[in-house]
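Have a look at the structure below, then the notes.
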Amino acid sequence: MATFQTLPGFREFYPEDLSRRNHIFRLWRQTAGAYGFAEYDAPVLEPLDLYKTKSGDEIEGQLFSFTDKGGREVALRPEMTPTVCRLVGAKASSLKRPIKWYSIAEFYRYERMQKGRGRCFFQFNADIFGEPGPEAEIELIALLTQCLCSFGLTEQDFYVRLSDRNLWFYYLEALGLDEVRIRAVLGAVDKFEKMGDDAFKAYAEQFGELEVGLKAKVLEFLQIKSLPALEAVLAPIGGEKLAARLGDWRKLLGGLAAMGLERFVEVDLGVVRGLAYYTGFVFEAFDRKGELRALAGGGRYDDLVQKLGGPALPAVGFAIGDMTFALLLEQRGLMPTFVQAPDVYCVIGGEAERRAAFADIQALRAMGYRVDYPLKEVAFGKQFKTASDSGAKLALIYGAEELVKGIVKIRDLGDRTESEVASANVAATVREFFTS
RNA sequence: GCGGCCAUAGCUCAGUUGGUUAGAGCACAAGAUUGUGAUUCUUGGGGUCGCGGGUUCGAAUCCCGUUGGCCGCCCCA
């Protein structure tokens with residue numbers, strides 16, 4: 001058997017697999033275009049430092065990284081955000097605002113494989129730069145929703161959980177915590193859904209047990225599932241920052257409601273996302289049944305462009321991974337099966353007939369029709385079966401009898417009717433068939 | 001990085017307490033049928049039973065290692 005195996009976690013796309021992938025990409029592109037986003041691409045291989053700068057050293061363990069022949073430390077990209085920040089940062093002053101960009105690209109992470117996760121995967125990334133207000137979040141959450149709905153998914157299938165790191169920050173600040181402690185509490189909040197009370201262990205180890213009254217307030221905040229509940233909890237605290245932030249929330253949820261998207265969006269302050277670089281609203285899309293990993297995730301990262309050497313530029317973005325998404329489509333029966341069916345299949349008698357057929361085949365293909373024929377001599381019966389199996393609508397029959405009479409027989413493979421047409425008129429007749 | 005389960009044809013799998021030349025269905029290909037389709041029949045190609053070692057007269061089967069896969073944990077930029 002095969003001496004060489006595919007590297008673990010990598011995928012091969014046989015024609016059927018690729019047609020499914022292309023289907024997904026096609027609708028994503030179409031949707032992003034409808035929302036006014038421009039497509040870009042960038043290198044697969046980047047300087048290792050690009051990822052270190054952003055996220056610290058632990059990340060290195062999950063990077064495909066190595067030293068190139070010029071002695072440079074490089075890594076296959078594990079995500080698009082640092083790259084797009086560099087691209088935008090480099091030309092920020094000359095780009096028209098708002099900057100609305102998207103890409104569909106492959107990423108690599110050295111991880112243990114599991115359902116919905118491999119060592120290479122594709123992501124749809126969309127970002128808006130230069131817009132500090134929640135208008136950008138409205139646009140992106142709408143795009144995210146439509147990127148899933150374009151495939152026939154509905155609010156029965158998925159939802160978007162919306163949270164806010166800023167709000168958490170302001171809230172915990174008002175409770176008297178300093179920044180280091182706030183970050184530790186957010187770490188616990190992030191893990192709370194999975195681990196329950198154990199999530200606070202890491203905090204306790206670092207700073208001692210969280211004071212009981214404080215913890216109760218954190219847990220209360222974490223359970224909040226609606227804007228009115230949020231307003232009720234924050235009202236007694238007051239303060240300008242919180243008031244302004246609640247204004248952003250109203251604008252965001254009001255905008256989404258006006259777009260008819262409120263049925264997809266759930267307030268859920270239990271989501272904070274592990275990534276250190278998020279600075280404001282964060283959101284994640286999940287399947288409703290809760291069987292799969294996150295479908296998409298994103299949020300605001302207003303500091304990152306500057307951290308990576310660009311100008312100060314507010315930014316929001318999200319990414320949809322292809323693996324979990326494809327699983328969901330298959331589960332819901334929304335993944336079409338694609339057949340590479342020709343329009344026309346030619347049934348050919350012998351060598352002389354083959355030469356006659358070639359002229360028409362060339363002409364039809366030049367006109368854009370998908371035309372196929374047997375490369376070898378095959379019995380007529382077989383050829384008709386092949387024509388039928390191929391999914392072609394028409395069969396053109398080039399036999400000895402036809403050749404003598406100067407005609408070609410056209411068989412409608414759907415209703416099995418046949419007609420004769422003069423050799424010179426084949427292309428025109430085929431076009432007529434397909435345009436009528 | 002940690003743990004559980006698994007590995008036989010392109011796919012889905014069978015293979016008895018260890019016993020002769022490892023099987024079936026599907027798929028693919030050829031023929032029956034050198035001019036008309038989803039049926040049928042016949043035939044064929046394709047396996048060092050994931051790989052390596054051990055036990056044994058004898059291993060797909062038992063043992064050890066290894067690689068790979070699925071699932072969970074960690075992580076998820």
Side-chain angles (χ1 to χ4, degrees), chain A residues 1-12 14 16 46 48 50-64 75-85 107-119 121 123 125 187 190-191 194-195 198 202 271-278 282 284 291-299 301 304 307-308 317-319 321 323-324 345 347-351 353 374 376-392 394-404 409-418:
Chain A
M1 270 315 290
T3 316
F4 297 104
Q5 293 179 315
T6 314
L7 253 16
F10 283 79
R11 296 182 288 171
E12 284 155 335
Y14 283 81
E16 272 179 49
E46 292 277 15
L48 180 60
L50 182 62
Y51 305 111
K52 277 188 171 173
T53 303
K54 187 184 113 187
S55 329
D57 294 332
E58 285 175 29
I59 296 309
E60 251 190 283
Q62 289 175 2
L63 283 174
F64 274 97
L76 290 171
R77 61 185 175 198
E79 60 165 328
M80 194 55 109
T81 307
T83 302
V84 72
C85 284
F107 301 94
Y108 306 86
R109 297 179 190 179
Y110 198 89
E111 295 185 286
R112 193 94 172 119
M113 325 173 29
Q114 262 169 65
K115 186 161 79 174
R117 187 175 83 183
R119 286 181 177 179
F121 53 91
Q123 276 188 350
N125 273 264
D190 188 38
K191 292 187 165 53
K194 264 191 180 173
M195 298 172 63
D198 287 349
V271 175
V272 293
R273 292 184 64 76
L275 267 175
Y277 63 68
Y278 285 119
V282 290
E284 295 186 331
E291 293 171 348
L292 303 170
R293 324 177 149 267
L295 289 160
Y301 49 98
L304 194 57
K307 251 186 208 167
L308 292 170
F318 73 87
M323 292 180 77
T324 301
Y345 193 89
V347 173
I348 297 171
E351 268 314 300
E353 295 86 349
K376 293 185 299 186
E377 280 201 27
V378 180
F380 260 68
K382 275 261 153 65
Q383 291 194 51
F384 280 102
K385 184 165 157 42
T386 304
S388 174
D389 290 346
S390 76
L394 283 186
L396 297 182
I397 301 156
Y398 296 86
E401 295 167 16
E402 288 82 357
L403 193 59
V404 169
K409 216 177 252 181
I410 298 187
R411 183 176 177 87
D412 184 326
L413 291 166
D415 61 19
R416 303 189 176 199
T417 57
E418 282 181 3

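The chains referred to below are lettered A, B, ... by the order of the sequence lines, with proteins before strands, and numbering in each begins at 1. What's counted below: heavy atoms across the whole structure, side chains too, no hydrogens, waters or symmetry copies.
- With rU36(B), rC75(B), rG31(B) as the candidates, the nucleotide lying closest to the side chain of K409(A) is rU36(B).
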Sub-3.5 Å pairs of nitrogen or oxygen atoms, protein against nucleotides 37-40 of chain B:
unit_1, atom_1, unit_2, atom_2, d
rG37(B), N7, R411(A), NE, 3.2
rG37(B), N7, R411(A), NH2, 2.6
rG37(B), O6, R411(A), NE, 2.6
rG37(B), O6, R411(A), NH2, 2.9
rG37(B), N1, L413(A), O, 2.9
rG37(B), N2, S388(A), OG, 2.8
rG37(B), N2, L413(A), O, 3.3
rG37(B), N3, S388(A), OG, 3.1
rA38(B), N7, R416(A), NH2, 3.3

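- Formation of a donor-acceptor pair under 3.5 Å by the E111(A) side chain with backbone atoms of Q62(A) is not found in this model.
- Going from the P atom of rA27(B) to that of rC41(B) covers 12 Å, rounded to whole Å.
- In this structure, CZ of R109(A) is placed 15 Å from C1' of rC74(B), rounded to the nearest angstrom.
- The base of rU34(B) does not come close enough to the side chain of E377(A) for any donor and acceptor atom to sit less than 3.5 Å apart.
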Identify all pairs in which a protein N or O lies below 3.5 Å from an N or O of nucleotides 68-72 of chain B, and state each distance.
unit_1, atom_1, unit_2, atom_2, d
rG69(B), OP1, G9(A), N, 3.3
rC71(B), OP2, K115(A), N, 2.8

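- Spacing between rU55(B) and rA60(B) at atom P, rounded to whole Å, works out to 16 Å.
- Straight-line distance between the P atoms of rG23(B) and rU48(B): roughly 15 Å, to the nearest whole Å.
- Pairs of Watson-Crick or G-U wobble type, with distances under 3.5 Å, assemble into runs of 3 or more in RNA chain B at these ranges: B:1-7 with B:67-73, B:10-13 with B:23-26, B:28-32 with B:40-44, B:50-54 with B:62-66.
- Comparing the same atom, P, in rU56(B) and in rC73(B) gives a spacing of 44 Å after rounding to whole Å.
- In terms of polar N and O atoms assigned as donor or acceptor, the side chain of E402(A) comes within less than 3.5 Å of the base of rG35(B) in a complementary pairing.
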